[in-house]
Amino acid sequence: MSFALKLMDWYRENGRDLPWRNTQDPYVIWLSEIILQQTRVEQGMPYFYRFLEAFPIVTKFAAADEEEILRLWQGLGYYSRARNMHKAAKMVVDTFDGIFPRRYQDAIRLPGVGEYTAAAIASFSSNEPRAVVDGNVYRVLSRYLGVTEAINSTKGKKLFAELAQEMLDPQHAGIYNQAIMDFGALQCKPKKPLCATCIFQLSCVALRDGLVDALPVKLKGRASKNRYFHYFIIRKDDQLLLSKRGEGDVWTNLFEFPLLESTEDLSIDALYASADFNQYFTADVQIKPVGEPIKHVLSHQNIYARFYVVNNPNSLKIKKTEWNYFYFEKIDTLAKHKLIFSFLEKNKQLISPNY
DNA sequence: AAAACGGGGAA
DNA sequence: TTCCCAGTTTT
C-alpha cells in the first residue's frame, strides 16, 4: 500500500478531533491557520474560540478596529499576523466581494497568507490538490525519505515542496494534509519519535539508516542580541503615560511605558547621567526602581527590562506624539505586549492603590 | 540568502 | 539551555 493510503488509515484511527476540522468554511480555516502559524495547537486553541466569537464572519472582522484585534491577539506573539489578518479581511470585502477565497491562487494574495496557509485553505475547504509544507511535513518527509538537505535552506525548501506535492494523494488532498501533520505531531515527533509503534518501520529510510535523530537537518540561526530597556512609569492622578510603539522593531502598534534603551546594562546612577535621560527629564527629577527586573526572551533577542517610577510628571521635558495619558480602566483594554502586561499584573498596586 | 518577527512548552 | 511549534514578510 502507498505512503498516502497508509498515512490516511493511520489518521482515521489516531487523528485528533480539532474544532477547525469540523468545517469547510474558508474563513474559519483561515482564522485557525493564521493563529497556528509557529504556534502550538494548545496555545492557539483559546484564541481561535475568542476570535470566532468576536468575528463569526469575515465582514465583522473587516469592520473591527485594529486596536480591538490586537487586544484579542494580546499574548500570542508575532503580532504582524493580527495586523495582516485585518488587512486581509478588508481585502476580502473590497476585492473578493465579501466571499472568502477558496482557491490557492486567490488565497495567497491575502496579506499573511503564504504557501503553507494558502495550501491549507484550498485543500481543507475544497480539496484542491495542494500539499501543505509545515514543520511536521519537513520532519516526516525528511525521515521517511532520508532527505539530508537542510529544511531552512532555499534549496531545501524548494526540494521539500516538490517532494510534498509528489507524495500528496490528489484525490484526498484535505484529509491527506491533515493526516501528515497529525502524524508529525503525534507519532513522528521532533524528540523521541515513536518508531517502535510506527506503521512505516519497514519503509522509513531514516529508521533503516539510523538517522532518525539526525533528521531533519536544520541550519543554525544567528545568536540573540541583548537589549536593555528602562521603562518609566509616569502617573498623573489616575492616569499613566503610555507609548504606542511604531514600525520597524518588535511589538509594532502595541502599548508600553515611555522607554529609554541602552546597549549595556545601566545602574540607576549611570541612567541619571546618560544624555538620553537628561533629554527626557529636568535635573530635579527623581526616579525609584519598582518591581523586579525582567528578562524577556524573544526568538532573536534578549530584553532586560527595568522599571522606574517617576516622582513628578512635570519633570518630563519633552512630549512625543506617540505618548498619551490613559486612565487605569482604559489601560486594561489596550493591547500591550507580554513584558508590559505581566509587569502590570504583578505591580498594579505599587503604581497606585487606585489601580 | 538572511534576518526579523513572540511566546510558551518540553526535554 | 536548546529546540521548535499547522510560517510570512522584509531586507
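Letters A, B, ... are given to chains in the order of the sequence lines, protein chains preceding strands, and every chain is numbered from 1. The analysis underlying the following values was restricted to heavy atoms, covering all of them including side chains, and did not include hydrogens, waters or symmetry mates.
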- Between A:Phe257 and A:Phe232, does the ring centre distance come in under 6.0 Å?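 So the answer is no for these two rings.
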For [X], which contact category applies under a 4.0 Å heavy-atom criterion: base, sugar-phosphate, or nothing?
X        : result
A:Glu42  : nothing
A:Gly248 : sugar-phosphate
A:Val41  : base
A:Arg222 : sugar-phosphate
A:Ser299 : base
A:Trp20  : base
A:Lys220 : sugar-phosphate
A:Ile35  : nothing
A:Gly184 : nothing
A:Val250 : sugar-phosphate
A:Leu18  : base

Between [X] and [N], is there a side-chain N or O to OP1/OP2 distance below 4.0 Å?
X       : N     : answer
A:Gln38 : C:dG7 : yes
A:Trp73 : B:dG7 : no
A:Thr39 : C:dC5 : no
A:Gln74 : B:dG7 : no

- Item | base_contact_polar (B:dG6 base, A:Tyr78 side chain, donor-acceptor, <3.5 Å) |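 A donor-acceptor contact between them is present.
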- In whole angstrom, what separates A:Ile294's CD1 from B:dG6's P?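 After rounding, the gap between these two atoms is 17 Å.
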- Query: Separation of A:Arg83 atom CZ from C:dT9 atom C1', in whole Å?
  - Reply: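 Value for this atom pair: 11 Å.
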- Message: Return whichever of A:Arg40 or A:Thr117 has its heavy-atom-nearest nucleotide of DNA chain C closer to the 5' end.
- Response: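 On the 5' side of the pair lies A:Arg40.
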- Query: Does A:Ser80 or A:Lys189 map to a spot on DNA chain B nearer the 5' end, using the closest nucleotide for each?
  - Reply: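 The 5'-side residue here is A:Ser80.
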- Pick the nucleotide of DNA chain B nearest each of A:Lys155 and A:Asp249; which residue has the one closer to the 5' end?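 Nearer the 5' end of the strand: A:Lys155.
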- Message: Quick one about A:Arg81 and A:Thr39 (side-chain donor to acceptor, distance below 3.5 Å, no hydrogens or angles considered), yes or no?
- Response: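 The answer is yes; a qualifying pair exists.
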- Task: Indicate whether any N or O donor in one side chain lies under 3.5 Å from an N or O acceptor in the other, for A:Tyr176 and A:Gln171.
- Result: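 Distance-only check fails for A:Tyr176 and A:Gln171.
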- Message: For A:Arg227, is there an ion pair with A:Glu261 - N to carboxylate O distance below 4.0 angstrom?
- Response: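 Yes, charged N to carboxylate O under 4.0 Å.
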- Message: Between A:Arg21 and A:Asp182, does any side-chain N to carboxylate O distance fall below 4.0 Å?
- Response: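 The answer is yes: the pair qualifies as a salt bridge.
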